[in-house]
Amino acid sequence: MPEYLPPNLDIIRPILWDSRGLRLLDQRLLPWREKYLRLRTPREVKKAIKDMVVRGAPAIGITGAIGLVLGAEKIKARSKRDFLAKLKRIGESLKKARPTAVNLSWAIDRLLQKANEADVSQDEIVEVLRAEALKIWEEDIEANKAMGRLGAELIPDEATILTHCNAGALATGGYGTAIGVIRAAHEAGKKIKVLADETRPWLQGARLTAWELKKVDIPVEVIPDVAAGFLMAQGKIQVIVVGADRIAVNGDVANKIGTYSLAVLAKENNIPFYVAAPLSTIDLATPGGQEIPIEWRDPKEVLCCAKRRIAPKGVSALNPAFDITPSPYISAIITEKSVVRAPYTKGLKSLFEV
Ligand SMILES: CSC[C@H]1O[C@H](OP(=O)(O)O)[C@H](O)[C@@H]1O
């Protein structure tokens, strides 16, 4: 059974792919159980992304791309034109799984463009798409390691680093963006330790970041989200590094809900606030944060904790999954190419100049 995996696969593997389909580490069950779900169709992949079996901007981009390949393998078409039209419909449907992270639409559009450009037979297009999906995956791991190296230079030795949500190997193709910076600083011999916001309501920090950092032997403690400001004011945090789901061309950042509050508190306490993200998360077509679509999820995610309802029946909840941090609150954006500082529009655009 051939496996389709990048050569530089990380030790933490949320995504596995072989000729029988796609296997996803079910992140809803971590840290209690390490169980893989097998998916064979784009519909199953779309549901897995929507239900957050896999989550994190680059990881859902890679997963969406593989979902498109799974669909392409099964298309019955009368002509290449018919094949491409059916492929596009599958891609457009996958894009709708989650709206905020630009990586999902970016990855799907990259494969659709590759299919349209390929001057090969319909069967050969599937091979082209499979190769492109793997290339996206491999590029993401390399990008994480490159931004890790660049970001680690910003981390003081013996620093306590606060991070929010999970921007690690579980959220990417491997190694991580914000967690990649942390891993690189640790691997460079810096005696750092991490405070992980629990990140209500989905608890990506307490459940996923703590699980990841423990696996790679990086000291980590979980804190309630609401404790971050106090710990900053007490001088217990020297630097903050978070991931991103979409970065507008002016440097405004969409990231997990709670990020904006951290950025304002960081500025108030003169603590550097860094965003680590690959170029695939930068969306030059989005002028500013107000144009980024924010996903609102099921209120039940707020109203329940550990499968028990924590609010009285008849009381609902608001559950915005992301917020927008205006660029003036961001000290720098760490990418695989360079560390970009204000003025962000010029710096971010220059990353894409050939
Ligand atoms: C490296 S992208 C990680 C990014 O995605 C997370 O959101 P979710 O868990 O809902 O997919 C969060 O915003 C992280 O910063």
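Whatever order the structure lists them in is the order used to number ligands and atoms, beginning at 1. Keep in mind that the numbers below use all heavy atoms, side chains included, and drop hydrogens, waters and symmetry copies.
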- Query: Do any heavy atoms of F322 fall under 4.0 Å from ligand 1?
  - Reply: yes
- Could K215 and D10 be called an ion pair, given the rule that one side-chain N must be under 4.0 Å from one carboxylate O? no
- Item | Among C165, P278, A57, closest by any non-hydrogen atom to atom 2 (S) of ligand 1 | A57
- Query: For G176, is the nearest heavy atom under 4.0 Å from an atom of ligand 1?
  - Reply: no
- Message: For ligand 1 and T172, I'd like to know whether there is a polar contact (N/O to N/O, distance under 3.5 Å).
- Response: no
- Indicate yes or no: does R38 engage D18 in a salt bridge with an N to O separation below 4.0 Å. yes
- Any idea which atoms of ligand 1 are less than 4.0 Å away from a heavy-atom of G56? 3 (C), 5 (O), 11 (O)
- Message: Checking the side chain of R246 only, and the main-chain atoms of T100 only, is there a donor and an acceptor separated by less than 3.5 Å?
- Response: yes
- Check each heavy atom of V242 against ligand 1 and say whether those closer than 4.0 Å belong to the side chain, the backbone, both or neither. neither
- I324: hydrophobic cluster co-members (side-chain, 4.5 Å): I292, I294, W296, L318, F322
- Message: If we set the cut-off at 4.0 Å for heavy atoms, which region of Q204 has an atom near ligand 1: side chain, backbone, both, or neither?
- Response: side chain
- Under a 4.0 Å heavy-atom limit, does P58 contact ligand 1 with its side chain, its backbone, both, or neither? side chain
- Can you name the nearest heavy-atom pair linking A65 to L111, along with the distance? O-CD2, 3.6 Å
- Message: Please list, in number order, the atoms of ligand 1 under 4.0 Å from a heavy atom of R98.
- Response: 8 (P), 10 (O), 11 (O)
- Message: Rounded at 0.5 Å granularity, tell me how far OH in Y36 sits from CD in E34.
- Response: 7.5 Å
- SB check R33 D26 (cutoff 4.0 Å): no
- Item | 4.0 Å heavy-atom contact, M52 with ligand 1 | yes
- Yes or no on side chain to side chain contact (heavy atoms under 4.5 Å, CB included) for T335 and M147, after CA distance, side-chain angles and deciding distance? CA-CA 5 Å; T335 76; M147 80 178 80; 5.7 Å; no
- Identity and distance of the protein heavy atom lying nearest atom 5 (O) of ligand 1: D245 OD2, 3.2 Å
- How far is atom 1 (C) of ligand 1 from its nearest protein heavy atom, and which residue and atom is that? T177 OG1, 3.4 Å
- Query: Going through the distances and angles, do E92 and K88 end up as a salt bridge (charged side-chain N to carboxylate O under 4.0 Å, His left out)?
  - Reply: CA-CA 6 Å; E92 294 306 321; K88 182 165 174 56; 3.2 Å; yes
- What's the shortest distance from atom 15 (O) of ligand 1 to any protein heavy atom, and which residue and atom give it? N255 OD1, 2.5 Å
- Could you tell me if any non-hydrogen atom of N166 lies under 4.0 Å from any atom of ligand 1? yes
